[in-house]
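Note that the structure is predicted; figures quoted are calculated from it, not measured. Read the numbers this way: they start at 1 and go in the same order the structure lists the ligands and their atoms.
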Amino acid sequence: MRRTTGRRGRRLTAGFGALGLVAGACAAVAAAQVLAAPSAGALDNGLAKTPPMGFNDWNAFGCNVSEQLIKQTADFFVSSGMKDAGYKYVNIDDCWMTHDRDAQGRLVPDPVKFPDGIKGTADYVHSLGLKLGIYEDAGTATCAGYPGSLGHEQTDAQTFADWGVDYLKYDNCNNAGSTTKQQYIDRYTAMRDALAATGRPIVYSLCEWGVNEPWTWAGDVGNLWRTTGDISDNWNSLKSIINQNAPLDGAAHPGAWNDPDMLEVGNGGMTDTEYKTHFSLWAEMAAPLLVGTDLRRATPETMSILLNKDVIAVDQDSLGVQGRVVKTDGTHVVFAKPLANGDAAVALYNSGDTAATISSTAAQVGLPKSLGAYTLTDLWSKNVTESAGTISAHVPAHGTVLYRVHSAGGGWDQYPPSTSVAASLAPAYPGGPVVVRAGAGNTVTTTFTDSGRVPAENVSVDLSAPAGWAVQAMTSNGAGSVASGKSLTTTWTVTPPAATSPGSYSLTAGATYQWNDGTRLRSGSTSSATDVLVPNPPPSGTAYVSDLQWTSATNGWGPPERDRSNGETGADDGNPITIGGVTYAKGVGAHAPSEIDIYVGGNCTSFNSDVGVDDEKTAYGSVVFQVWADNTKVADSGLLTVDDPAASLTADLHGAQFLRLVVTDGGDGNNSDHADWAAAAVTCN
Ligand code: GLA
């Protein structure tokens, strides 16, 4: 849903950068906490001892909230088993009220949307054994322009208490120009004290978007605090929010949680793999689980994610520790979360665009040395394996493997050894896609590894490719025994037919083996898929980027457009590309955050383009254009806003396999970031 209402004060501070900076960022958080003076009125409302679970209508419905929706969602919580799984709060977001307060200065529910008022709605929700949440704003108006609570805190808190409200989300729009941390603390503390004065237990959720580092002060003020700008239903948004929230683990504890925003699971803009990453990492980071989809239309896949009780148990663990990043190379990340029973929840998160093996150890995730072995329970597949200490999995692109790891004294030997097998090929550049050539032999290596305590016996490894591709083992693909901690490596030649169409294909490595459970040999198997790219022929001569094939394209809103500006939703919905009054017939209309990758196969020498925010936007838009040759940045526009004329970018592409056109949001969220690559072209041999 595209917000159209005006908003102010959304300039986010730079915040923490990539996960690569985790160690330093954590240290900074810790230091800030140590230095903070103890607060006189520390929040002690006894609520949210585990992260709140429930529903909020905003992500799926925007302003279309109603009593009917809230009641139907509450009914669904009961009938679907969600209530039993722990979902409790049914929360109303913005747009529930009328534009004017009543004669006593009280907020008035919209009588058309809420014929029974908030009180009647709350009574119904309570009759089902559930709780009701509401939304207000620590400013003069809400983000959608309804009356704000600034200066009305006591009246509004008492009104909410009188209605039977159990949860308040308190937003930050139209905040009377406040900028300093103290101004933020004052506005949010005023409502804390007003809520406390009512005597009704009301969970207090701060929504200041992470602007003034709430993780350094909000533990005394609220039960949870947003750490980022608004989530949207796409992979770029999810990835960036994970990056921002992950380093803040030190601030979370029972009653006080980092809030990386509500769930998008089920809304259709991401794959099931990405939604499982979303849900897994929200649980791992002890985030609130507030479902943001239309449950009345939820698919079985959506429900199987939202009702995964093992993952929910990680989120709701009574120890109340946010999972911490214990290992990262910036793309492949290991989180560890200690659990109340001594287990660890370990998330192996692959933010990259290529499947990868991610490994850690029991020691690294903070588990004591085991006398026997560790058991790893995969909380999605439910497979249980035993490990001598390595915690590892082949994780698909954008995927997360979530294990509950238990240090087992005995009984571990009933489980098969933890094994993995994966195909690997050299990427086009470090971290880049894997390219295979049609009509030529490509070298592929498979590695089978036994991480269990018992050996894998009679191992046989196999590599399968799309129909018609020739696959030949060049070295042995079998072994009588692969001992604990050892691997079997096999080299293969894979030849796609010369006429293979450009595109993404999958290679699957599989292994079968036997293992001894102490009394008899049993069978085990493992497999994993690796995506490879058969590229288009590289461009030749001078060519417009909008006329070339793109190997991948991601965009903030809708697809990037060819020869028109970004229209935000479907394909071909933009306008003629126009920057600073100049209209361009050719070019690409992107919306930050965006990345378009083009295979140039070492055949191109230069890139040039005019760049800027499209004239169709008159406020807010501010972006940075970057040109990358493989993983080297070769041009950068600096910050360009709606007020700037087009800038001209040229870049050297000698030797590059891929041209990558990146647009960032300039650090202030992506509102109105319509970014044009005007007349973008490559010059090639
Ligand atoms: C802000 C909040 C969102 C939502 C909207 C409602 O953008 O961050 O979560 O509440 O306001 O207008």
Whether Asp93 lies under 4.0 Å from ligand 1, heavy atom: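 It does, in that a heavy atom of Asp93 comes within the 4.0 Å cut-off of ligand 1.
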
In ligand 1, which numbered atoms sit nearer than 4.0 Å to a non-hydrogen atom of [X]?
| X | value |
| --- | --- |
| Lys169 | 3 (C), 4 (C), 9 (O), 10 (O) |
| Cys207 | 2 (C), 8 (O) |
| Cys143 | 1 (C), 11 (O), 12 (O) |
| Tyr135 | 6 (C), 10 (O), 11 (O), 12 (O) |
| Arg226 | 8 (O), 9 (O) |

Shortest non-hydrogen contact from Ala286 toward Gln322: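 Here Ala286 and Gln322 meet closest at CB-CA, 4.0 Å.
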
Under 3.5 Å donor-acceptor, Trp282 side chain and Asp261 backbone: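 Pair found, side chain donor or acceptor close to backbone of Asp261.
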
Pairs touching residues 73-92 that satisfy salt bridge (charged side-chain N to carboxylate O under 4.0 Å, His left out), sequence neighbours left out: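 Output for this query is empty, none listed.
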
Polar proximity ligand 1 side, Asp261 side, N/O cut 3.5 Å exclusive: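 The answer is no, given that Asp261 and ligand 1 share no N or O pair closer than 3.5 Å.
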
Neighbour count >12 (heavy atoms, 6.0 Å) for atom NZ, Lys309: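 No.
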
Ligand 1 versus Asn172: contacting region, heavy-atom distance under 4.0 Å: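 Near ligand 1, Asn172 shows nothing, with every heavy atom at 4.0 Å or more.
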
Ion pair check, Lys276 and Asp272, cut-off under 4.0 Å: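 No, this pair does not count.
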
Test salt bridge (charged side-chain N to carboxylate O under 4.0 Å, His left out) applied to Asp294 and Arg297, step by step: CA-CA 6 Å; Asp294 185 351; Arg297 288 156 209 254; 3.0 Å; yes

